[in-house]
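Below you'll find the structure, written out as structure tokens, and then a few comments.
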Amino acid sequence: MKKSILTLFLLCFSLNSYSGIDPYWYWMPEDGPMPAMPESSNEKLGRLLSALDKVHENSALKLDKKEKRWGLKTIRTNLALGLSGSIGVKTWGGTKTLQLLWERKPEKKIEGEKPNASLPTLTLDETSDAEDVYNQSSAIARALTESGRVQNYTGVRDQLYRKGAEILDLSKSLSRHPFHKFFVHTIRTDLVVSGSGQVSSFLLKVGGEIRIRLEFVRIYKDDDPVEGLFDKFKHWRISRKGEKFDIFTKNLLGHLDDLEIENLDHPSFFLKELRFGISFSAGGDVGVAKLSGGPGFFIFLRKKKEYLPNHGPLEFDNEVAPLNLLVDEVEEKHFQYARENNIPFQVQGGDKDDSLSQVIFRLHKRKTKKGLKKAVKFGNFFLGFFENKISNIKKWGLYQVRPGYEFSIGGVSGPVTLRGRQSMEMIFQNKAY
Amino acid sequence: MRILLILLVLVHSPLKADDIIFVGLDANGEEIQVVASESAYQNHFFELANNFSQGLESLHERESLSELDFYKIEFGASLFMSFGIGDLLKFSVEPTFRFQFEQYK
């Protein structure tokens with residue numbers, strides 16, 4: 001009897017913990033009817049975020065002593081959204097919903113880009129050519145070989161070169177079209193190099209690996225005039241893969257042009273970047289990735305400071321082609337939903353029952369637009385909890401908030417849940433940094 | 001028995017302002033939630049960050065870090081915390097973090 005009451009007591013202790021968000025945010029139309037509203041209130045979420053804010057600030061300030069050589073600069077914490085709408089600090093498996101970066105405030109605001117030195121990086125820009133890729137690949141391969149961590153110098157150099165050349169090829173298509181509100185700022189892929197010199201995707205599990213980041217970063221400022229840039233790259237020839245990427249980015253940017261991003265400018269935060277996880281399918285099509293192995297690479301989009309002025313009718317203004325969504329492990333109910341809602345799809349790489357097959361869903365413009373609008377609203381919803389606290393913090397504050405989103409067959413449906421696959425991230429930055 | 005019932009009523013109140021929620025999936029893919037008080041979490045979190053901080057200072061004293069001329073170091077860390085009463089029912093969580101340390105000028 002006593003044992004059962006004690007168990008009940010502990011169970012209540014656990015159940016009482018519920019802190020959730022409205023199912024409106026994470027509901028996927030293809031997963032069934034809208035679930036009932038949970039009894040929790042968003043006030044509890046505000047308390048959770050406030051408590052985390054306090055813990056991080058207190059810890060950082062206690063460590064901040066002048067006699068030390070090393071100071072804590074950034075704390076990064078992940079939050080996760082459960083399947084019932086519960087949200088909290090992420091632990092165990094699953095996908096993160098929200099990344100929170102707390103950082104010591106600079107004495108004065110830093111102008112320009114902050115260097116990202118967490119990984120060895122092969123960096124390319126619009127002045128790079130094949131020779132630059134080769135030279136950088138050789139330098140990285142040599143450094144790894146000389147350190148004794150990799151045996152096969154030639155293998156690493158050649159594989160890095162191939163990957164780098166592919167990124168450069170994709171980047172060439174980015175300057176061929178005028179964009180209204182956003183432009184592609186960065187293309188990134190993270191690679192792992194094994195001891196034997198095998199280079200593979202970052203997201204595959206490899207033990208004792210060396211990580212290398214390949215990045216194409218645009219060197220112009222986002223308020224530079226657009227016209228000249230297009231002229232500069234008109235003569236470039238791109239491969240078939242590059243052409244597919246070209247069509248995809250054009251469609252993606254066409255969808256984003258409809259977003260009311262003006263709403264994302266908060267008193268303390270601004271939308272710095274949008275990040276999309278992208279992959280090529282077995283058939284060579286490119287799409288937003290919702291794959292068990294993760295995306296092949298990421299593209300980062302930035303808001304233009306000034307929207308493109310009268311440029312005449314843009315070819316994607318009225319007729320935006322469907323956006324590709326690349327999915328594996330599709331359930332029968334998802335196929336059924338697609339058929340019922342006239343969403344075209346194509347199975348590649350085998351039969352649809354084959355676990356290795358990939359399915360490309362062609363997302364309707366109207367639904368995608370609606371989904372992206374919801375993503376913007378969710379970003380605003382979260383930032384609302386932080387706005388009041390930022391101004392009170394003297395030394396430590398929330399530097400970036402990064403909500404992650406999952407695409408559904410019916411368009412972007414909201415934040416990614418623990419069991420979901422993140423395909424898009426919004427990066428909001430505190431204006432004080 | 002009475003004390004237990006009183007505790008039960010007291011505990012089954014709305015989420016307290018100082019609660020930190022932990023969410024994750026178990027080995028079977030089922031969702032689990034655990035709650036810790038802010039003060040318990042604060043203590044564990046500070047201890048973890050402080051261990052890294054002291055470790056860096058101590059490495060520097062041995063000159064192993066200064067020789068390499070690092071100015072920024074990033075740690076990925078996980079914190080194992082266990083909650084519950086006795087051995088009857090225990091909850092454990094292991095949230096992960098990233099700490100970035102920089103050398104003062």
Side-chain angles (χ1 to χ4, degrees), chain A residues 1-3 5-19 40-41 44 47-48 50-52 54-56 58-60 62-63 65-66 68-84 86-94 101 103-104 115 117-118 418-419, chain B residues 1 4-5 7-8 11-27 29-35 38 41-42 45-46 48-50 52-53 56-57 60 65-66 71-74 78-79 83-86 88-89 91-104:
Chain A
M1 179 67 177
K2 281 183 181 176
K3 196 175 174 180
I5 288 176
L6 187 60
T7 307
L8 184 64
F9 164 74
L10 287 169
L11 195 63
C12 287
F13 175 76
S14 174
L15 292 176
N16 151 44
S17 67
Y18 188 84
S19 171
S40 66
S41 71
K44 290 175 184 174
R47 287 181 191 172
L48 169 71
S50 175
L52 285 176
K54 202 168 143 192
V55 167
H56 293 154
N58 285 345
S59 299
K62 274 163 84 175
L63 288 173
K65 289 174 185 166
K66 281 184 180 170
K68 286 186 174 179
R69 285 177 188 273
W70 291 85
L72 186 57
K73 181 79 169 42
T74 310
I75 300 169
R76 186 183 300 208
T77 307
N78 297 324
L79 297 190
L81 175 62
L83 313 173
S84 56
S86 52
I87 193 160
V89 178
K90 181 180 172 291
T91 178
W92 307 297
L101 278 74
E103 194 161 305
R104 188 164 10 119
S118 55
L418 271 168
R419 278 190 194 151
Chain B
M1 175 81 82
L4 272 176
L5 286 172
L7 276 173
L8 185 65
V11 167
H12 197 58
S13 58
L15 193 70
K16 294 186 287 296
D18 63 350
D19 280 343
I20 304 271
I21 319 294
F22 296 90
V23 183
L25 295 174
D26 66 11
E30 297 300 320
E31 183 186 335
I32 298 179
Q33 289 178 47
V34 174
V35 185
E38 184 191 303
Y41 179 66
Q42 166 82 68
F45 187 89
F46 175 71
L48 180 71
N50 195 33
F52 278 119
S53 175
L56 275 175
E57 297 296 323
H60 214 113
L65 276 182
S66 53
Y71 73 97
K72 192 188 280 183
I73 292 184
E74 193 167 302
S78 71
L79 181 61
F83 305 99
I85 299 174
L88 183 64
L89 197 51
F91 302 101
S92 61
V93 291
E94 201 169 351
T96 55
F97 311 93
R98 273 183 181 274
F99 295 107
Q100 194 181 85
F101 287 87
E102 242 182 35
Q103 275 210 62
Y104 289 124

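Lettering of chains follows the sequences in order, A, B, ..., and the numbering in each one begins at 1. Just the heavy atoms: all of them, side chains too, but no hydrogens, waters or symmetry mates, feed the values below.
B:I73 has its side chain within reach of B:L56: a pair of non-hydrogen atoms, C-beta onward, lies under 4.5 Å apart.
Chain B forms the most heavy-atom pairs under 4.5 Å with one residue out of A:L81, A:N58, A:L52, A:V55, and that residue is A:V55. Taking chain A as the reference chain and counting heavy-atom pairs below 4.5 Å, the highest number among B:N50, B:L79, B:D26 is found for B:N50.
With A:T91 contributing its side chain and B:F22 its backbone, the two residues share no donor-acceptor pair below 3.5 Å.
With a 4.5 angstrom heavy-atom cutoff, B:S53 touches chain A only via side-chain atoms.
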Given the rule in the side chain to side chain contact (heavy atoms under 4.5 Å, CB included) test, do A:K62 and B:F46 qualify, once you have shown the distances and angles that lead to the verdict? CA-CA 8 Å; A:K62 274 163 84 175; B:F46 175 71; 3.4 Å; yes

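Taking 4.0 Å as the cut-off between side-chain N and carboxylate O, A:R69 and B:E57 do not count as a salt-bridged pair.
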